[in-house]
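For the numbers below, each heavy atom of this structure counts, side chains included, while hydrogens, waters and symmetry mates do not. Counting starts at 1 for both ligands and their atoms, following the listed order.
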Amino acid sequence: MMDVQTQKIEALLAEMTLEEKIGQLQQCGPSLVGAFEVSFEELLDMMFDGRISQAEFGRLMSTAEQDFHEEDLRVGKIGSYNGVGDALTANRLQKIAVEETRLGIPLLFGYDVIHGFRTVTPIPLAESCAWDPALWQRTARMSAQEATAAGVHMTFAPMVDVAKDARWGRVSEGAGEDTLLNGDYGAAKVRGFQGDDLAQTDALVACLKHFAAYGAGEAGKDYNRVDLSLQRLWEEYLPAYKACIDAGAQAVMPAFNDLNGVPCTVNDWLLRAVLRDEWGFEGITVSDANAIAECVNHGVAADRQAAAKQALQAGVDIDMTSNAYSENLQGLIEAGEVAEALLDEAVQRILKLKFELGLFDQPYRTDAEKEKATLVKPEYRALAREAAAKSMVLLKNEAVLPLQPQQKIAVIGGLADDAGQMTGAWAIGAHGDECVSLVQAMDATGIDYVYHPGIVDGSVASDAVNQAVDAADMVILAIGEQKEESGEAASKADISLPAIQLELAEMLVRTGKPVVAVLFNGRPLAIPTLAEQVPAILEAWHPGLEAGNAILDLLYGRVNPSAKLTTTFPHTTGQCPLYYDHIATGRPGGKSKFTSKYLDTPLEPVYPFGFGLSYTTFAYSDLRAEKRADAVRLTVTLKNSGNRAGEEIVQCYVQDKVAKRARPVKRLAAYRKVLLQPGESIEVEFEVPFEKLGYYDQRMDFVLESGEFAFFVGGNSRDNLAETVDLMF
Ligand code: BGC
């Protein structure tokens with residue numbers, strides 16, 4: 001017996017023409033039209049290669065308007081939109097779909113809500129440093145409430161691409177280099193976005209991305225090839241996507257990259273055998289932007305028609321903006337080259353999601369009034385501030401922090417006074433002027449301070465800086481990256497700070513005043529000299545709307561720092577990819593020459609994975625390991641040995657000491673964040689289930705191999721207590 005919803009879908013499908021079916025697969029990205037004759041993309045290229053000036057580009061843009069292709073919408077040729085982020089436009093287009101198309105099928109609106117919609121929270125890489133699934137879920141819920149109030153139904157998030165190469169610009173969009181953390185982060189985001197019931201008007205469908213292993217692009221270059229052993233794929237990359245599917249994600253975006261030669265967009269093994277058959281995924285797949293057509297560039301399809309055929313056969317339901325489906329599927333089906341049943345399956349899945357969202361009963365889930373009342377509520381700002389403070393990592397502190405309110409401060413560096421930069425990459429719904437810069441936050445406190453940008457017209461403004469610093473007790477130096485330096489299409493061949501910023505830092509150090517460096521960036525940076533020279537470093541990342549306030553919460557000790565890095569900070573770019581869970585080599589890096597290392601860099605990173613300081617200190621002792629029926633139980637004594645209450649992120653790593661395949665030197669198995677009062681001592685417990693100790697062997701069988709396992713517990717991936725357990729499976 002078919003349930004009522006399936007009956008409705010079947011009835012609708014029976015009524016649909018081929019064109020209308022294909023229309024459901026078509027996702028339209030509004031194009032920009034204005035006083036320019038070329039496409040927007042061409043116009044951008046013209047600005048980048050200097051054919052037109054930035055000013056001319058700006059002038060042309062001011063004439064631009066969005067074209068929503070309403071004529072196509074009216075005849076049922078559009079099933080969803082990407083990038084409509086306001087209730088008025090969404091409802092206007094929805095009205096056309098519902099009232100003017102033959103079958104009245106409602107539209108689905110997708111949008112990149114990556115780290116907040118209007119209330120921008122820290123970039124994902126930053127937020128991951130909180131190691132706090134409850135927080136990740138709360139901020140996602142907030143984003144969902146805002147985005148749905150603005151007419152959005154689906155976000156193209158979370159991104160759970162494990163990213164081990166700091167050169168890749170998109171490290172900013174995920175939870176760092178570790179598999180477990182990416183999975184926990186993604187699952188929490190899915191729960192937060194979608195809520196308990198998709199039919200609620202504030203449920204936002206999660207489209208996890210980019211399936212799969214986009215973060216493993218060769219040499220950290222965006223859109224580059226991904227060549228991975230299947231063992232590595234299954235052990236290090238796929239679990240994070242799987243965690244999101246298990247959490248109920250309703251949509252999946254195949255990645256731009258090829259995986260071992262087959263672009264993910266046409267990879268039927270990935271999209272059918274793994275995703276649907278093995279993992280039981282029943283939701284929709286949405287191609288990445290223009291990705292179907294780009295299979296021609298990959299050289300796996302002779303033309304767009306062949307690409308459309310392959311993508312549909314591989315199981316891509318929605319074509320995001322390449323028009324390859326809308327231009328070719330009808331011909332392919334009429335010529336008998338593609339089975340109509342394949343198209344029907346895709347349409348069924350899309351209609352099912354629209355039913356589950358309640359769009360057939362309630363196509364307008366919001367209006368302009370609700371939107372206005374929802375965006376940037378005071379409690380949202382408060383959560384953005386909390387999230388930012390929990391995401392910033394104190395990397396160094398030689399008794400300089402917290403600052404005292406009576407100290408006179410020189411704030412140096414343009415990023416301190418640039419609210420718009422605080423959003424970071426991929427904050428397309430943001431209003432930069434709603435962000436609080438560091439200088440604005442200082443103004444609000446009444447603290448005695450002076451500000452100078454430090455670098456003017458490309459040079460260090462020595463006299464002015466010296467003058468500012470002369471009268472001050474302390475210096476806060478704001479340096480790092482612009483938001484455009486991370487995110488998509490923002491890979492870098494050099495991840496060190498620009499020479500001019502280092503020159504400024506060195507000059508400030510020479511003044512003899514204590515310098516607190518506050519770093520704004522979207523990726524790990526190579527900062528060996530800064531780490532040596534200045535007495536304090538706060539890694540603020542791109543912190544979002546409440547940037548300045550959250551920074552001051554930490555610098556003045558109103559909040560005790562608790563975040564820990566989810567990504568390794570190398571000495572130099574040449575070490576990339578540098579990550580903690582590397583495989584044991586035959587010649588582990590060491591003092592002697594013939595070992596695995598570089599001649600010209602130290603062995604250890606500047607800051608290891610899991611590292612972060614607090615204003616208090618924690619002492620670990622008495623690690624015990626105990627075999628249980630199907631898990632290992634670890635217990636450690638943790639003491640707050642300082643004189644402030646503080647949260648510690650306790651980390652548990654494991655190493656399979658002898659196995660038939662070389663195993664990682666250690667890999668995160670569990671973690672917990674605990675709050676301790678000064679002097680307080682507690683027992684922290686972990687249960688590591690046996691199934692986490694297995695691996696894929698040469699034949700791709702998942703095996704649990706008996707033998708010795710080492711467990712490491714501590715406050716980062718380097719400084720640990722260790723216990724070894726003999727396990728028989
Ligand atoms: C990105 C995706 C994003 C999509 C839609 C693409 O360029 O790779 O992550 O969701 O654009 O805007």
Could you tell me which atoms of ligand 1, counted from 1 in the order shown, lie closer than 4.0 angstrom to a heavy atom of Asn82?
5 (C), 12 (O)

N/O to N/O below 3.5 Å, does that happen between Trp426 and ligand 1?
no

Can Phe256 be said to touch ligand 1, with heavy atoms closer than 4.0 Å?
yes

Are Trp131 and Phe609 an aromatic pair, judged by ring center distance below 6.0 Å?
yes

Looking only at protein heavy atoms, which one is nearest to atom 12 (O) of ligand 1, and what is the separation?
Asp112 OD2, 2.4 Å

Whether the Gln27 and Ser80 side chains hold a donor-acceptor pair (N or O, under 3.5 Å, no angle test) is what I'd like checked.
yes

Please work out, at 4.0 Å between heavy atoms, whether the side chain, the backbone, both, or neither of Glu173 comes within that distance of ligand 1.
neither

Return the orientation label for the Tyr214 and Trp168 ring planes: parallel under 30°, perpendicular over 60°, tilted otherwise.
perpendicular

Contact check: Glu488 vs ligand 1, nitrogen or oxygen atoms, below 3.5 angstrom
yes

Does any N or O atom in Arg170 lie less than 3.5 angstrom from one in ligand 1, N or O only?
yes

Verify whether the ring centers belonging to Trp234 and Tyr241 lie closer than 6.0 Å.
no

Is there a heavy atom of His210 sitting under 4.0 angstrom from any atom of ligand 1?
yes

Before we go on, tell me: are the rings of Phe520 and His542 under 6.0 Å apart, centre to centre?
no

So that I know where these two stand, are Tyr111 and Tyr81 an aromatic pair - ring centroids less than 6.0 Å apart?
no

For atom 11 (O) of ligand 1, find the nearest protein heavy atom and state the residue, atom name and distance (0.1 Å precision).
Asp288 OD1, 3.5 Å

Could a heavy atom of Met253 be found less than 4.0 Å from some atom of ligand 1?
yes

Are Thr423 and His115 close enough that a side-chain donor and a side-chain acceptor fall under 3.5 Å?
no

